[in-house]
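One-based numbering, in listed order, for ligands and for the atoms of each.
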Amino acid sequence: MKKYIIKKGDKYWPSNEIKKIAWIKDNKIYKQADKNPVKFWDKLAKEGLIWEKSWKKTYIEKLPYFWWFKGGKLNFCINALDRHLKDKGDKTALIWVPEPTSEKTVKLTYNELSKKVNKFANVLEKLGVKKGDVVAIYLPMIPEVLIAILACTRIGAIHSVVFSAFSADALKTRLQDGKAKILISADGYYRRGEKEYLDKKVNKAIIGTKVRKVIIVNRLSKNKKYSRKFISFEKEIEKADSYYKPRMMNSEDPLFILYTSGTTGKPKGVVHDIGGYATYAYWTTKWNFNLHNDDVMWCTADVGWITGHTYAFYGPLLNGGTTVIYEGTPDYPNYNRWWNIIDKNKITVFYTAPTAIRMFMKAGEKFLKKHKLNTLRIIGTVGEPIDKDTWEWYFKKVGKSRCPIIDTWWQTETGGSLINSLPGVGPFIPTISGYSFPGTKHIVVNEKGKKVKDGKIGSLVQLSPFAPGMLHGIYKNPKKYKDTYFKRFRNKYDTSDGAYIKNKLIRITGRTDDVIKVAGHRLSTAELENAINKYSNINESAVVSIPDKIKGEVPVSFVVLKSGNSTLSLEKQLKKHIDKTIGPIARPSKIYFVKELPKTRSGKIMRRILKNILNKEKPEGLMTLVNPDSVKEIEKII
Ligand code: WTA
């Protein structure tokens, strides 16, 4: 069996086997790109995509904004579908694995997918969707979600996907912010053997929004009756014409909005432009996963998150690849499921999150032993720091000590991976993500924005010219955009991650703000506090995270009541309330009812002290507290 890595000292390097097939096998690429990143991306954009019209100036920067390929014209859908039809029309574009094992895997070729996308674009147009309109999508991992997003790109409408496990309230906020008139959803989906209904949540969410029509996919039950606002995805698509002329768009027109958590209670709509994002998604998929025509890629992320957008759908399709999606949970009907999917579909590139790997570690390797996993070439990880044990286990048990692990660091805001080792270049070192992607540059700075010495921890920032996949603002909130990313450090993009760099290799140490990663899902403690504070009889609350063996981090909440005492049922009710307002992923693992929260003289809640107490560390900064006794009280109940 082919071995794609070799060990030298404590590091792994690409073997000759992988060098034979690697797009990039030489680290000279970094220097070449660094000489003139703008020229580098200019060439790649032209080489990787089909443009209707070229641009004069490749990169324009007027901070906090910057534009790639301004003046260039293209259609995203032509790049993801049409251009492949001639040579790859009969190639499988999408493999969909439904959760129930009684249902068959569905395959769609590029021709079939294209036909559906064209038809659905006509459906949307008939409903009055125009270029630049926001279309909301609240769908699980089923083929219709891909059809829906691609149809939007064909029209030039901006899609805004909302994670299907989010609550009705979370959906409503996003519908209101984007002012979407059309919502595409489903009656529900299967999860862990159960039917999860979406239509009830949709009904609740659209009240008080601008949504005129809901297009509903029939996934669970036939013949369900809905109000006149609802129309059937299947029926509409059947009636529609099978060609829709793609709209030519400006490179700098928005492609999609994706809401993500920041340090405040309100999620922000991260906007990605067409040309820059497409260029970046294309090349990072090709080089990071060494994607060739015979590859079958499975990125396990849900489309509700950026990883699902870029590496489950857009990156593989822009490359004319085959992508696999799975509807359900990793442990349904048991822990064999994922490995079955890999063997059965001959998956060559597998990309997942450390939290999933930790879950399988805990379940035990017996579930892996029955599977060959011999089609795998590259395995990847994303979403949170991967610790050494998890890395080793993934490497040995899943990659069978043959496959490089590509540890990709990036964010919703960056559109694609920015820091990782390339399969043909290496090195592959546990806990080290790797180098900045060719043509991008990161440094670590101190509080004053000055570059720190090699090996010192500080704030990770990106330098100009900023990568083509980077966000183009926060939807209708320029101030927030500027304040969040370009205020703390002059002319540098603030990632809000800590890191250190040694010999250009970057290790991420974790977020420096109040964003937490629960099972790889990005949440903000402020968002949780807001939700808790809205519940009756709550005076105030503070949420901090604690390490968790499987989920990486989990939220813990401290709550002060207005009156009366806490009860067990109140804790239960509050957890239910979080499920309802955000979603079950945000549910605190524990709620402590306390008399007072530790505060400074200026009234700031000292969350760090709460964290210290939970971690059984000596609380720091007690001197600054106006109510040091609160700490003793809390220590007593923990
Ligand atoms: C964290 C996910 C360590 C990081 C693509 C970042 C990581 C946040 C890694 C963005 C990694 C992502 N190693 N940490 N390989 N990848 N992160 O927006 O803190 O959901 O800022 O995007 O995840 O999360 P988001």
Kindly say whether [Y] contributes a backbone atom to a donor-acceptor pair with the side chain of [X] at under 3.5 angstrom?
{"X": "T355", "Y": "A519", "value": "no"}
{"X": "S464", "Y": "F466", "value": "no"}
{"X": "H159", "Y": "L150", "value": "no"}
{"X": "E327", "Y": "I142", "value": "no"}

For [X], the ligand 1 atoms whose distance to one of its heavy atoms is below 4.0 Å:
{"X": "I508", "answer": "3 (C), 14 (N)"}
{"X": "I306", "answer": "5 (C), 22 (O)"}
{"X": "T307", "answer": "5 (C)"}
{"X": "V382", "answer": "5 (C)"}

Item to check | Residue-ligand contact W305/ligand 1, heavy atom below 4.0 Å | outcome: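 No, W305 has no heavy atom closer than 4.0 Å to ligand 1.
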Next on the checklist: By the definition salt bridge (Lys or Arg N to Asp or Glu O under 4.0 Å), identify the one residue from E553, E413, E384 that meets it with R522.
Outcome noted: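 Answer to the salt bridge (Lys or Arg N to Asp or Glu O under 4.0 Å) test with R522 among E553, E413, E384: E413.
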Checklist entry - Can an N or O of Q411 be found at a distance shorter than 3.5 Å from an N or O of ligand 1? => result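 Yes.
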Next on the checklist: If I apply the N/O under 3.5 Å rule, does T260 come out as touching ligand 1?
Outcome noted: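 Between T260 and ligand 1, no N or O pair is found under 3.5 Å apart.
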Next on the checklist: Quick check with a 6.0 Å cut-off and a 45 degree axis cone: is R174 positioned over the face of F166's six-membered ring?
Outcome noted: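 Judged by the rule (NZ or CZ under 6.0 Å from the ring centre, within 45° of its axis), R174 counts as positioned above F166.
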Provide, to 0.1 Å, the distance between [atom] and the closest protein heavy atom, together with that atom's residue and name.
{"atom": "atom 10 (C) of ligand 1", "value": "W410 O, 3.5 Å"}
{"atom": "atom 20 (O) of ligand 1", "value": "K517 NZ, 3.3 Å"}
{"atom": "atom 13 (N) of ligand 1", "value": "E384 O, 3.4 Å"}

Checklist entry - When the ring planes of F256 and H309 are compared, do they come out parallel, tilted or perpendicular, using 30° and 60° as the limits? => result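 Answer is tilted, since the angle falls between 30° and 60°.
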Item to check | Atom pair CD1 (I378) and CZ (R402), whose distance is rounded to the nearest 0.5 Å | outcome: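 Answer rounded to 0.5 Å: 11.0 Å.
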Counting heavy atoms only, which of [options] comes nearest to [atom]?
{"atom": "atom 21 (O) of ligand 1", "options": "L460, I419, D497", "result": "D497"}
{"atom": "atom 17 (N) of ligand 1", "options": "G383, S496, P354", "result": "G383"}
{"atom": "atom 18 (O) of ligand 1", "options": "T412, L418, T495", "result": "T412"}

Next on the checklist: Out of the candidates T307, N288, T408, only one should pair with Y351 under the side chain to side chain donor-acceptor pair (under 3.5 Å) rule; please name it.
Outcome noted: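 Among T307, N288, T408, the one meeting side chain to side chain donor-acceptor pair (under 3.5 Å) with Y351 is T408.
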